[in-house]
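Chain identifiers are assigned alphabetically (A, B, ...) following the order of the sequence lines, protein sequences preceding nucleic acid strands; residue numbering begins at 1 within each chain.
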Protein chains: 2
Amino acid sequence: MDEKKIPNYHSADECPITATIDVIGGKWKPPIIWLLLKGPMRFGELHKTIPTMALKVLSRTLKEMEADGIIKRKAFPEIPPRVEYSLSRKGESLRQIMTLMSEWSREHIINQVPGEQ
Amino acid sequence: MDEKKIPNYHSADECPITATIDVIGGKWKPPIIWLLLKGPMRFGELHKTIPTMALKVLSRTLKEMEADGIIKRKAFPEIPPRVEYSLSRKGESLRQIMTLMSEWSREHIINQVPGEQ
DNA sequence: CGGTATCCCGGGCGATACTG
DNA sequence: CAGTATCGCCCGGGATACCG
């Protein structure tokens, strides 16, 4: 088998990059991962930090990320309730990619001159 | 100024990761970048390699990527016409990120056990 | 060969109100 | 405090036909 052979994509999902983007992409997953890389956060903390994100969307997004196995949800049986979200080991393994993407945007997007290559 | 201060996101666009995902994300940009990292390709070649992608969508996506400055379009004044697409220097600078994302999907998505962390 | 033009659909995303 | 329920919109993505 030729390792350099160009593959045929009968579906976008066959691309390994797409598989990863499906997990870290979408409108709100990037900022959430970026925040949780600094440490665990409560639901309300996330809401206050990203105030423009609707509660339902935050809740739904966190569930998706939990289902993907990149974050962990820990509920404390207290009154009032407290729920803490943190990255799983799988989520932590994204740190290098996230850091590189952050650096790439600083170097290639912020303050870029249109038409520049 | 505290470098470790947690930022407030009044918009998703303020996240540096989002800025990068906007350039490399979407349904078809990942496979196109992944292919062009192996070398330049003609329009028809891309179409044959990703046959499920509608021509209009391929055309539109390539234009967006050209506008973002990550690919270059070279038209040869021949009959029949020939157009070659290749990564710009800025596109090439994504290689490490793409490679890491490809490896990440191999290690964490393909053949993963549901529920595993 | 390498595209545009036109029309269209589904789902990601969201605003608001309510609840254990 | 930490969520659900309900309702709805926008737009990325797409099928088909046509053009230089």
Can you tell me the distance, in whole Å, between the [atom1] atom of [X] and the [atom2] atom of [N]?
X      : N       : atom1 : atom2 : answer
D22(B) : dG12(C) : CG    : C1'   : 15 Å
F43(B) : dG2(C)  : CZ    : C1'   : 6 Å
K27(B) : dG11(C) : NZ    : C1'   : 11 Å
R60(B) : dG14(D) : CZ    : P     : 8 Å
I50(A) : dG14(C) : CD1   : P     : 11 Å
I21(A) : dG13(D) : CD1   : P     : 12 Å
M53(B) : dG3(C)  : CE    : P     : 13 Å
K74(B) : dG2(C)  : NZ    : C1'   : 17 Å

Quiz item: Looking at OG1 of T20(B) and CD1 of I109(A), how far apart are the two atoms once the value is rounded to the nearest 0.5 Å?
Solution: 4.5 Å

Quiz prompt | 5' priority, DNA chain C, between K56(A) and P81(A) [closest heavy atom] | solution =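 Result: K56(A).
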
Practice problem: Could you say whether Y85(B) or V57(A) is positioned toward the 5' end of DNA chain C, judged by the nucleotide with the nearest heavy atom to each? | Solution: Y85(B)

Just N and O in the side chain of [X]: are any of them under 4.0 Å from OP1 or OP2 of [N]?
X      : N       : value
W28(A) : dG12(C) : no
S59(A) : dA2(D)  : no
R42(A) : dG3(D)  : no

Quiz item: Would you call E84(A) and R73(A) a salt bridge, using N to O less than 4.0 angstrom?
Solution: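 No salt bridge links E84(A) with R73(A).
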
Exercise. Answer yes or no: is there an ion pair linking K48(A) with E45(A), defined by an N-O contact shorter than 4.0 Å?
Key: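 Not counted as a salt bridge, because no side-chain N and carboxylate O are separated by less than 4.0 Å.
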
Exercise. With sequence neighbours left out, write down each residue that passes side-chain contact (heavy atoms from CB on, under 4.5 Å) with V57(A), or none if nothing qualifies.
Key: W28(A), M53(A), A54(A), R60(A), T61(A)

Exercise. For R82(A), report the nucleic acid contact type (base, sugar-phosphate, nothing); a contact means any heavy atom under 4.0 Å.
Key: sugar-phosphate

Self-check item: Side-chain donor-acceptor contact under 3.5 Å, W34(B) with S102(B)
Solution: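 No, no side-chain donor-acceptor pair sits under 3.5 Å.
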
Exercise. Measure from the side-chain heavy atoms of P80(A) and tell me the nearest of dT4(D), dC1(D), dG3(C).
Key: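 Among the listed nucleotides, the one closest to the side chain of P80(A) is dC1(D).
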
